[in-house]
Amino acid sequence: MEVVTGALPSVIKKLAGLAAGEYNLQKGLKGAIRFLQSELESMKGALEKVSSTPGDRLDIQDKIWARDLRELSYDIEDSIDTFMVRGQGKEQGNLHGIKKFIDRSVGLFRKAKIRHGMATEIRDIKTRVEEVAKRHGRYKINSDVAMPVMIDTRLFTLHTEAKELVGVDEARDELIKALEEENEVSMQQHGKIVSIVGFGGLGKTTLANAVYEKIRAQFDCCAFVSVSQTPNLNKLFKGLLDDFGKNINEETLEESRLIKVLREFLQEKRYFVVIDDIWDISVWRMIRCALPDNDVGYTIITTTRNYDVAEEAGGAYKLKPLSLNNSRKLLYRRIFGTENKYDNEGREKCPDEELAEVSDRILNKCAGVPLAVITMASLLACKARNKMDWYEVYNSVGTGLENNLDVKNMRKILSLSYYELPCHLRTCLLYLTMFPEDFGIRKGRLIRMWIAEGFIQSEKQGKSLFEIGDSYFNVLINRSMVQPIHDSITGMVHGCRVHDMVLDLIRSLSSEENFVAVLSDMDSTSPSSTIRRLSLQNVKNSHIMANATRSSLQHARSVVIFPSAAAQAPALGSFQVLRVLDLCLCDLSQANSLKYLGNLYQLRYLRLYCMHISQLPEEIGNLQFLQTLDVRGNSISWLPSGVVQLTNLMFLYIDWWTRVPNGIGNLTCLEQLSQLRIDGSTINIVGELGQLTELRQLDIILDEWNDKLLEGLRMLQNIQELDISVRSGERSISVLDTWVAPRYIRGLCTVHSCWFSALSAWVNPSLVPDLTRLHIAVRELHQGDLEILGRLPALRDVNLEVDNKNLGILQGFVVGAGSFPCLVSCWFSRFVWPVVFQQGAMPKLRELHLWPLFYVREGGGIASRDGGGGLELALGNLPSLQGFSATVKCEGASEEEAEQAKAALTHAAEMHPNHEIYIGFKGALAALTHAAEMHPNHPEHEIYIGFKGALAPGILFLALVFSHPVP
C-alpha cells in the first residue's frame, strides 16, 4: 500500500507565497493561510512516517486518514492555482482615455470579486483540514493491535534443494573465477571482494549461497549473514561471531566492542564472509570496520539491489537474468516435474506442445527473473493444462491477481525496494504507470512530466529542476527499480523500461490509492469517481471511455493518450485543472478541437506529437504556467505570436521547418530549445538569443551563417548541448575561432556548419571536463592536438573532420596508449593514412569509421611490417571493437600501391581478435573489379569486404571500401 504525500509539498510552498505575495487579500485571510501552512506541514511529517510502512502492517484508520489528506491536498492546490490565474489577469497597457478608465473599473470590480471568492474558499479549506485532523483523532484505535508477522523470504532461498536450482552453475563458476582474479580492491589489499548487484528476485542470495557452499571448505572460518532494510548491527556482529565459532559470554557488548572482538579473532585467519542484502552505504562501512585486512587473505561477497552500494564495496558483479532456455527449464520443472525434453538444437522443449507458445509469452513477461518465473509456475500449476486457461493467466498479469498468495509474496519481495525509496521518489516511480507495458520511456520526456506535476522541488542553488529530475531518474536506475535503455552510439542511458513484475506492483499500489487510472481493453484499472491522472492505452472499445464521465475527468491533472487509443480521446473541454497533456496521433478535428486549448489555464506540459496539425491557436498565449511545449511531427510553419507571452516556458521542441515569431527573447526561462530555424524571415531573432541566458540545450538550423550569432552564443554561459547546422551544407571558415565554450559543455556539434581553423584552446581536459560528445571540423590538426583530445576524461562520441590533405599536411596520426579512455564511437573523416592505434588506446571503442582515409603517395605510403600488420591501423589493439568501416582513396598511387593499401586494411581487420573474416565474392571479385574498371562512365571502383562478428548478436558487417582512379 502506498501513501504518497499528494500535493502537500507544493501546496505548503504555494501557501507561503500566497501569504507573502502582493495579492491584496481580505483582512484576516493571511492569518488563516498561515494556520493552514503550519497545520499541513505537521500533517506532511506524519504522512511521511505513515508512507514508509508497508500496507499490510498499516492501521486501517491511518490508511483512511492518509487518503483523505492526499485528496484534500489536490483540491487545495487546484483552488490556489485557479485563484492565481484569475488574479493575475492581463495588463491593458495599450488602452487610452475613457476605454482605459472603463476597463480599469471593470478590472477592479472583477479582482474584488475574485478576492472575495478566494476568502470563502480558504475558509472552506480550513474547515476541511480541521475536520480531517479531528476525524483521525476521533476514531483512533488502540495501536497495540497485533500486526502481521513478517517472514524473511530469503530463508526459502537459502534452504532450496540444489536439484531445484536452474542456471546457477554457470553464474557460480563465473563468480568464483572473478574471485580468483585480481580487481582494484584486491590489488590494494590481501583479500577479494565481489558485490552481486541486481533486481529484486533475480537470485542474488541464491547465487551467493551457491558460491558459499562450493568454496567454504577452503577457508579457516566462514559466515553468512543477512542485513535487511532495518539492520540490527549488534545482532549481526554476534551472528558473524556465532558462524565463525567464536563464543562470547557477555550478551550486552556494544557495537564498538563487538567490532574489536571480530577484528582480533580474524586477524590471523583466512576467512570467507557473505553479507547478504545491504541497502545502505553507511551500513556497509560499519560492517567493513569489523572485517580486517590481514596478511593471510580473505574473501567477502555482498549482495545488494543498489548499484551505489556495490560500487562502494568494490568488484561490482551485475547479475544477469536467466536465459530463455533456462527460464523454460525452471518453468517446466515446476509444473511438469524434473523430466527434461529437448529439441534437435538442445533447447528445452515444452512437454505439452499446445502450451509452448503461451509459455514463451509468459516467460517474456518474466524477463529472466527467477522469482517471477516461479510465481507464474505456481499460478499455472493450479490451472488446467489447456491453452485458454494459460492465456487467461498471461492476460491477468497486472490485474486480477491481487488475492493470489504467490503473487502477494512476489509483490512483498519487490515492495522492499519500493518502500526503501524516499517519498518523492516513490511518487515519481508510481507515475511510470502512465506508460504501457514494455514501453521505452524517454528520460527527458519523463522528467519534464515530473516537473509539470510538481514532483520535483528546487533543492540546491545552481541546480535546475531538470538536473534534479535527472538525479531522481539515476537513483531509480541504481536502485534496480527500472531497467536502463542505452543509446546505441554513446552507450549513455537515455531512457528506461519497467520490468513487468515491477509494473504489476506499482499498478496495484497506484490503483489502490487512486494515483493513476489506466484504461485499456486488456487491463483497465477501475476508475474512481474522481480521476486524478488518466492513461489511455490500447482502447478500441468505446464503452471503456464511457465509464469516465465528464464530472470524473474535471479534476484530472495528467492525461496521456497513446496512438492505439487515439480514437477514444475525451474532449479537451472536460478538463479544468489539467497540468499534463500528452497526445500522439489523436484526432482533434471535431469535439476535441484545439480551440479549447487556450482554456487549460493550469497546463504546464503540452505535447502534441504527429497530430497532423498545421497551426496552433493564438490563445495558446493564455497558458501562463506552461513549461513544456512539444509540437514535433506536425506541419506547422509558424508558431503563433502568443507563444512569446509564455514567460514560464522552459522546454520548446519544434521541427526545423517551424519558425518562431519575433519576441522569443521574452522567454527568459527557456532551458531547452530545439530546433530553432533561422532564415531570411526570422533573421531578427538572432539578436534575441543572448537574452536566453538559462539555455542549456540549443539546436539551431541556419539557411546560411549569420555573423551576429557569435555575439549571442557568448552570452549563453549555461549551455551544455549546442548543435549548429547549415542547410546548404556550406561551411564557413573561422567564424567560431574566438568563441569559448562554457565549462560545463557536454555536447557540441558544428561539423555541418563551420570549420575551426585549428583546435581551440578551450578544448582541454581542465576547461571542459564534462565534454561527452564532440562533432567538429578542424582545418589543421596535428599530432599534439589529437593527444589533447585523447585526454578528455568524459568523451564518448567523437566525429572529427580535418582538411590536412588540402593544406599539404600529409602525415598520419598515432592514437597513443591510454588516450580516449571512455570513447565508444569514433568517426575520423578525411585523415591521411596511416592512423595507428597503439595498445591501450580507446579501450571501450565499439564503433570506428574512417570515411574517407586518404592514401597519398607523397605522404610516404604504407609503413609495412611483417606482411602489413605492424604500424598500419593495428585494429587488434582495440579490444572492444564491434563495428568498423573505412573508405580508402588512393590519389597519385600506382595500381600496385593501391593493392598494398587494400591488403593492409584487409589484414588489419583480419587480425582483429573479435572477428573472423569471410569474403563474400571471393571468386567473382576479380571479375567485378575488372568490370568496374572498364566501364567508361566510372573512373573509380569500390570493393566491399564483410566480416562475421563474434561479439555482436548475429552477423556484424565491417564494410571496407577501397577506391582509386583507373590507371
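Since the model is a prediction, treat every value here as computed from it, not as a measurement. No hydrogens, no waters, no symmetry mates; every other heavy atom, side chains included, goes into these values.
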Any donor-acceptor pair under 3.5 Å linking the side chain of Thr490 with the backbone of Arg796? no
Check whether any side-chain heavy atom of Met611 sits under 4.5 Å from a side-chain heavy atom of Leu583, and report yes or no. yes
Measuring only between side-chain heavy atoms, which start at C-beta, is Asp582 closer than 4.5 Å to Phe562? no
4.5 Å side-chain heavy-atom contact, Cys496 and Pro484: no
Any heavy-atom pair between the side chains of Val225 and Val274 that's under 4.5 Å? no
In terms of ring plane angle, is the pair Phe435 and Phe439 parallel, tilted or perpendicular, where the classes change at 30° and 60°? parallel
Going by heavy atoms in the side chains, are Leu363 and Ser327 under 4.5 Å from each other? yes
Applying side-chain hydrogen bond (donor to acceptor under 3.5 Å, both in side chains) between Ser195 and each of Thr304, Thr302, Thr303, report the one that passes. Thr302
Lys/Arg-Asp/Glu bridge criterion (N-O < 4.0 Å) met for Glu437, Lys365: yes
Walk me through it: do Glu420 and Arg479 pass the test salt bridge (charged side-chain N to carboxylate O under 4.0 Å, His left out)? CA-CA 9 Å; Glu420 198 266 340; Arg479 300 284 184 93; 2.6 Å; yes
Indicate every side-chain donor-acceptor pair of residues 169-176 with a distance under 3.5 Å to a residue at least two apart or in another chain.
unit_1 : atom_1 : unit_2 : atom_2 : d
Glu174 : OE1    : Tyr317 : OH     : 3.2

Does Asp438 come within less than 4.0 Å of Arg497, counting only side-chain N to carboxylate O? no
Is it the case that over 12 heavy atoms from other parts of the model lie below 6.0 angstrom from the CD atom of Glu353? no
Under a 3.5 Å cutoff, is there a donor and acceptor pairing between the side chains of Ser558 and Tyr431? yes
Can you list everything that forms a ring-ring contact (aromatic ring centres under 6.0 Å, His included) with Phe473? Sequence neighbours excluded, please. none
Check ion pair Arg328-Asp360 (N to O, under 4.0 angstrom): yes
Looking at the rings of Phe455 and His424, which for Trp means the six-membered one, are their centres under 6.0 Å apart? no
Qualifying salt bridge (charged side-chain N to carboxylate O under 4.0 Å, His left out) pairs with a residue from residues 301-314, counting only residues at least two apart or across chains: Arg285-Glu312
Below 4.5 Å, heavy atoms only, C-beta onward: do Leu429 and Tyr418 meet side chain to side chain? yes
Taking side chain as C-beta onward, heavy atoms only, is Pro370 less than 4.5 Å from Leu322? yes
Polar contact flag, side-chain donor to acceptor under 3.5 angstrom, Asp276-Thr205: yes
Lys383/Asp389 ion pair, N-O < 4.0 Å: no
Donor-acceptor pair, distance only, cut-off 3.5 Å: does the side chain of Lys192 make one with the backbone of Thr299? no
Salt bridge or not between Glu453 and Arg533? Use side-chain N to carboxylate O under 4.0 Å. yes
